[in-house]
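Here the structure is laid out as structure tokens; the discussion comes afterwards.
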Number of protein chains: 2
Amino acid sequence: MSILSETSSDRGTVTQLRAYLAQAELPDDGRLPPERDLSEALGVSRTELRKALGTLEAEGQIWRHVGKGTFVGSRPIDTFADLTALARRTNPAEVMRARLIMEPEIARAAALTATPMQIAEMRACQARTREAATWRQYENWDHRLHRTIAEAAQNIPLLGLFDTLNALRRAVTWGRLRSNPVKPSPDHHSFAEHQAIVDAIENRDMNGAAAAMRTHLRTVERNLLDRQTLPGE
Amino acid sequence: MSILSETSSDRGTVTQLRAYLAQAELPDDGRLPPERDLSEALGVSRTELRKALGTLEAEGQIWRHVGKGTFVGSRPIDTFADLTALARRTNPAEVMRARLIMEPEIARAAALTATPMQIAEMRACQARTREAATWRQYENWDHRLHRTIAEAAQNIPLLGLFDTLNALRRAVTWGRLRSNPVKPSPDHHSFAEHQAIVDAIENRDMNGAAAAMRTHLRTVERNLLDRQTLPGE
DNA sequence: GATCCAAACCAATCCAATATTGGTTGAACA
DNA sequence: TGTTCAACCAATATTGGATTGGTTTGGATC
């Protein structure tokens, strides 16, 4: 017998199941009873019921998921709607790569559209990172700098994506221990790199801004991978 | 006394609190001890501590949330929750610009990492768009093509951002009616443009892929702005 | 009488333990 | 063989209790 064909009893269970679906009163979300209950209700073994459910799922009539249950209709599209779900499937290195792809282009756009006020704010953030007394403060201002650049791109959707990526970064990095010196050293690589980025933006040098941001993030990436104990930027 | 002014003891507590923040070792997430503990540690009443915390929160130094706790820094923004809020503040042109910034870079990355299977799927999608009998079908396969390219970049966070942007696109375009001819004309601009993108990816031509994607999206953008009644791609 | 404080209460949130649920395996059995 | 049943597994849901910022209250203090 071919793998695809069904035994006569299977066919019987499938039709029985179809009848049940047509008649049964299902809750709002279209969920049907757990297999254990349903098999008893229909008077068939769970094994047999599962085979029948399998055919119906192959037909697209129902969909199932462990821990959730079995539902009529088609499986909702998996559009990473959930941040935590996303965070579980990725890692810091991947997030870093994503930043490396996105942020240079954001910086490029910012070079075109940044307002004087925004540039001034970037300078301010830059100064604050230098004065930071702790890594925490440093990171706050560093993040604020990067976000100001994203704001300067004058594009709401893009800013939304930036925020999303950052939320993801926090979710993924979470639990990472910070061994650490007390504060960033005065010759920390980021200072000069930040400077280069903001300079390029101020000069309306789009390619320069993108390149500077890329350089910066590459350094951050290297630090992240080499000595994971240190915050990267 | 004005509502805004502080008593002398309040001022004292605020400075005491500032000192504490500067000196204290905070956990990774910047959370500070619960009010009940902190008030005892600082030797002030909870009422007074709360007033001081209120001042600091007004200054933007900290943020608080019931059940969560009190944290230093600025309140995080959760983008996923309010996609609709995001959609309300933007418009199709801005979303298009965001795509124009993101997708070429995604295509560039895809040129480097796409698997033969993924390239085959791109070809399949491409063929399906040509055979589409309705605009709806066309759009389905077009979207699938673009998403396959995003998948080919082999980067979960990036794919998440792509999905987010697409969800946003749907939310913004929503309600826009599609007048339109019954189906895409056989010489629709996208066919050749899609071809160029997939070709470049197959040839591992990163710059070519990015350029082809940019060209494609520019055409889409032009169509979107000119005759908004037609679906762009 | 006006403040201030401690305690109690409230609702949102977190957290850990427990229960469900689809998926899988293996032994018993026909 | 092929079926059934029970046990187990991992993902998810659910539940109850503990935390935590926010609010109210009654009494103490000056």
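These numbers come from the heavy atoms of this one structure, side chains and all, not from hydrogens, waters or symmetry mates. Letters go in sequence order (proteins before strands), and every chain restarts at 1.
Between Arg99(A) and Glu221(A) the shortest side-chain heavy-atom distance does not fall below 4.5 Å. In this structure the side chain of Arg214(A) reaches within 4.5 angstrom of the side chain of Leu100(A), judged on heavy atoms. By the 4.5 Å heavy-atom criterion applied to side chains, Lys51(B) and Thr55(B) are not counted as neighbours.
Across all strands shown, Ser45(B) has heavy atoms under 4.0 Å from sugar-phosphate atoms exclusively, and none from any base.
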Only distances under 3.5 Å count here; give the side-chain donor-acceptor pairs of residues 63-70 of chain B to other protein atoms, sequence neighbours excluded, each with its distance to 0.1 Å.
{"residue": "Arg64(B)", "atom": "NE", "partner": "Glu57(B)", "partner atom": "OE1", "Å": "3.2"}
{"residue": "Arg64(B)", "atom": "NH2", "partner": "Glu57(B)", "partner atom": "OE1", "Å": "3.2"}

Give each protein N/O atom lying under 3.5 Å from an N/O atom of nucleotides 23-30 of chain D, with the pair distance.
{"residue": "dT23(D)", "atom": "O4", "partner": "Arg46(B)", "partner atom": "NH2", "Å": "3.3"}

Restricting both atoms to N or O, compile the protein contacts to nucleotides 16-21 of chain C shorter than 3.5 Å, with distance only.
{"residue": "dT21(C)", "atom": "O2", "partner": "Gly67(A)", "partner atom": "N", "Å": "3.3"}

With 3.5 Å as the limit, what N/O pairs link the protein to nucleotides 28-30 of chain C?
none

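For Glu25(B), there are no salt bridge (charged side-chain N to carboxylate O under 4.0 Å, His left out) partners, not counting sequence neighbours.
In terms of modelled atom types and a separation under 3.5 Å, the side chain of Thr113(A) and the main chain of Ala152(A) share a donor-acceptor contact.
The separation between Glu48(A) atom CD and dG23(C) atom P is 17 Å, rounded to whole Å. Remark: P of dT4(D) and CG of Leu49(A) are 11 Å apart, rounded to the nearest angstrom.
Note: Phe162(A) and His143(A) have parallel aromatic rings, judged against thresholds of 30 and 60 degrees for the angle between ring planes.
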In dot-bracket form, how is DNA chain D paired, counting a Watson-Crick or G-U wobble pair only if both its distances are under 3.5 Å and using | for bases paired to another strand? ||||||||||||||||||||||||||||||
